[in-house]
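Read through the structure below, which is laid out as structure tokens, and then see the notes.
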There are 2 protein chains.
Amino acid sequence: MVGIRDVAKTSGSAVATVSRYLNGQITLRPETKKRIDDAIAELGYQPNVMARRLASGSSETLGLMTTDIEYPFFAAIASAAEAEASASGYQLAVFNSRNSTEKELEILHAVERRQIDGLIVLTNHTDTGGLAEQITKSGKVVLIDEDVSGATAPRVFADNRHGGRLAAECLLRHGHTEIAFVSGPRGMISVEERLAGFVERLEEDGVELNEALIRCGDYSEAFGSTTLTEMMSAGPRPTAVFAGADNIAVGILKGARSAGIGVPDDLSLVGFDDVSYGELLDPPLTTIRQDAHAFGREGVRALLRVLEGGSADEIERVRVELIERGSVAQL
Amino acid sequence: MVGIRDVAKTSGSAVATVSRYLNGQITLRPETKKRIDDAIAELGYQPNVMARRLASGSSETLGLMTTDIEYPFFAAIASAAEAEASASGYQLAVFNSRNSTEKELEILHAVERRQIDGLIVLTNHTDTGGLAEQITKSGKVVLIDEDVSGATAPRVFADNRHGGRLAAECLLRHGHTEIAFVSGPRGMISVEERLAGFVERLEEDGVELNEALIRCGDYSEAFGSTTLTEMMSAGPRPTAVFAGADNIAVGILKGARSAGIGVPDDLSLVGFDDVSYGELLDPPLTTIRQDAHAFGREGVRALLRVLEGGSADEIERVRVELIERGSVAQL
DNA sequence: CTGAAAGCGCTTACAG
DNA sequence: CTGAAAGCGCTTACAG
């Protein structure tokens, strides 16, 4: 193994000089620089990253925890997070929690063990048993997309309330007043805020959301599918649905297809997220776009800021917008 | 900072004992075990992973390089790779090459710098300028999905030839003989093998593939779209297309839609990959499924094997299967 | 099992 | 800039 002392020896300079030069903490005069560069080339020296990490106290690694990186929205976040981390000299390690609190706690432990410098956390449930304490204690976490209530950490959320308003506006504009809201579990910030904005905008036009048409279950295709079937067989029947996520919307689409209900002719549909395949659906899905890349990018930036001692109670909002395609029809 | 020597001191045992106990290299008698466990709990000791890594010479990290982890097929690979790595005590770092050879070489360098123990490489081009040498030199790489010719490394590929045969069989069974092949660049193993199997099966039924209907460009939606438009305006017109990837198939679908060509009524279509949204398309896409999870899982296993000194010229094939949905019609 | 210590290969004060 | 060295917190022979 050729180490930094070998470079120092053959270049005739000090270990400290070589180290500082390689880390850009010093500017050498040309001759010294050349001697060191030559020695590095001659010896084929490669700095040992692990040694640097131990000595400097940084793992040069950031973590990203999602339920499963395979989901398109999370994959897009990971891609942007990797780019941003890499631009700042960090590598990105990904962790799948499979929506298990136990696994989440285990992943959070990686911070304490110095396996990663900090962690971007994306949870998908309200029952957080101990998560909040761990997060606050570590001080090296940022929360994105969903909240862990009670935790002290910077947050990057979508502008959910505005998204709810946009969905309501679109449906109202097309003449709908009998509207269902199908979404994930009550208590999640994405559900509550979107619903609040939705109701708020509806009420501005004097439209009341029927309690029986608020269906909160979980963020899954299956839930969308079964809920649609239920809703269309028992009254009151809506003329439009606002789905809290595109995968729920897909479930609704499938359920409608098998029930012989035409979208958008018999039922209008607005989703949330704007996953990549939304425009390929039949009909192409009208939806509220969240900028997944912004979550990844801003998540990493917020994490880097808090690691440098920045404030932990920032809350940033990622903008949303209405993408009109073909799943909403005039009533 | 509480270190292992503090645990040794308060538990009244030796540093070596604590270390070996924590790493499971030793079984202690109950009293000793309890004293150490108590000390760890009392002090809130957390082993410093970076120190362990330096001393033991393993970064406990595996890398996965794709052009962009955001693509569904790669995201699925990453998910399975993370699960498999995690089960073996490794973390998974992801790297996006953006299809740049320069970036690929930089990522490969992480192995030399001991930043990662090994790397799973997924490239997407034939021009490999220097990649093969780097890979062979490192000896800590496995190639998945696509080849880097000339490199010495274990490989995990799809059974592309068989996939080509399955596609041909499906189309022949539906009476098609004027068939186009639209795929990525010539020279890529996925293209050549799929084409070879396709042609082979066609010829078994006495069907000749028209040279003018072999269109190799790149693995993109745009290429599928423009190629379809070209092909349908100039003769000879095919009655079916075998697309080398689902994203190309999506491009063909879009192109057909805007040209007023009905799929499958006017044109049958078979894809390759089976990305998650294939069944949501209109019509649902008939395709050759590659098991993305198998790539991730087997890639990690092959990497772990080669890191333990295993042979570097294994080549493993991931099975493929025909998924019949709605994009192929009887002629 | 214990105890004392070398070693992993860096970074970083420190005195010059 | 140099030189010599402590320190990061582990693992791992080694002698007992």
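In what follows, every heavy atom counts, from backbone to side chain, and hydrogens, waters and symmetry copies are set aside. Within every chain, numbering begins at 1; the chains are lettered A, B, ... in the order of the sequence lines, protein sequences first and strands thereafter.
Across all strands shown, D:dA4 has no partner, as no Watson-Crick or G-U wobble contact with both distances under 3.5 Å is found. With a 3.5 Å ceiling on both atom-pair distances, C:dA13 lacks any Watson-Crick or G-U wobble partner.
Nearest nucleotide to the side chain of A:R35, out of C:dG9, D:dG9, D:dT2: D:dT2. When each of D:dC10, C:dG9, C:dC10 is scored by its nearest atom to the side-chain atoms of B:I4, the top-ranked nucleotide is D:dC10. Side-chain atoms of A:A16 lie closest to D:dA4 of the nucleotides D:dA4, D:dG9, C:dT11. Comparing C:dC1, C:dG3, C:dG9 by their nearest atom to the side chain of B:A14 picks out C:dG3.
The two residues A:A83 and B:R98 have their closest heavy-atom pair at CB-NH2, 3.9 Å.
For B:L54 and C:dC10, the CG to P distance is 9 Å, given to the nearest whole Å. Atoms CD1 (A:I36) and P (D:dC1) sit 8 Å apart, rounded to a whole Å. For the pair A:D6 CG and C:dC8 P, the interatomic distance rounds to 11 Å; values are reported in whole Å. Residue A:L28 contributes atom CG, which lies 12 Å from atom C1' of D:dT2 at whole-angstrom precision. Taking atom CZ of B:R52 as the reference point, atom P of D:dT11 lies 7 Å away to the nearest angstrom. Computed from coordinates, the A:R53 CZ to C:dG9 C1' distance equals 14 Å when rounded to whole Å. For the pair A:Y21 OH and C:dC10 P, the computed distance is 16 Å after rounding to whole Å. Taking atom NZ of residue A:K9 and atom C1' of nucleotide D:dG3, one finds them 13 Å apart after rounding to whole Å.
Of the two residues contacting DNA chain D, namely A:G12 and A:R5, the nearest-nucleotide position lying further toward the 5' end is that of A:G12. Checking B:V15 against A:V2, the closest nucleotide of DNA chain C that is more toward the 5' end is the one next to B:V15. Annotation: of the two residues near DNA chain C, B:S13 and B:A51, the 5′-most nearest-nucleotide partner is B:S13.
Heavy atoms of A:Q25 sit under 4.0 angstrom from primed sugar atoms or phosphate atoms, though from no base atom. Among the atoms of the strands shown, none is found under 4.0 Å from any heavy atom of B:V49. Residue A:I26 is classed as having no contact, given no heavy-atom separation below 4.0 Å to the nucleic acid. Residue-level contact check: A:Y45 touches the backbone only, with heavy atoms under 4.0 Å from sugar-phosphate atoms and none from bases. At a threshold of 4.0 angstrom between heavy atoms, the contacts of A:T27 are confined to the sugar-phosphate backbone, with no base atom among them. At the heavy-atom level, A:M50 lies nowhere under 4.0 Å from the strands shown.
Contact of the A:V318 side chain with the A:Q290 side chain is not registered, since no non-hydrogen atoms from C-beta on lie closer than 4.5 Å.
In terms of phosphate contacts, B:Q46 brings no side-chain nitrogen or oxygen within less than 4.0 Å of OP1 or OP2 of D:dG9. Contact annotation: B:R29 side-chain N/O to C:dC1 OP1/OP2 distance is under 4.0 Å. At D:dT11, one or more side-chain N or O atoms of B:S19 fall inside 4.0 Å of OP1 or OP2 (strictly under the cut-off). Between A:T17 and D:dC1 there is no side-chain polar atom (N or O) within less than 4.0 angstrom of OP1 or OP2. In terms of phosphate contacts, B:S56 brings no side-chain nitrogen or oxygen within less than 4.0 Å of OP1 or OP2 of D:dT12. Distances shorter than 4.0 Å separate some side-chain N or O of A:N23 from OP1 or OP2 on C:dT11.
With no hydrogens or angles considered, a side-chain donor-acceptor pair links A:Y219 and A:S190 at under 3.5 Å. Between B:Q115 and B:T61, the side chains place no donor N or O within less than 3.5 Å of an acceptor N or O (distance only, hydrogens not considered). A:S220 and A:D218 are linked by a side-chain donor-acceptor pair at a separation below 3.5 angstrom, with hydrogens and angles left out of the test.
Between A:L28 atom CG and A:S13 atom OG the span is 7.5 Å, to the nearest 0.5 Å. In this structure, the separation between CG on A:D147 and OG1 on A:T123 is 7.5 Å, given to the nearest 0.5 Å.
Under 3.5 Å, the side chain of B:R20 and the base of D:dA13 form at least one donor-acceptor pair of N or O atoms.
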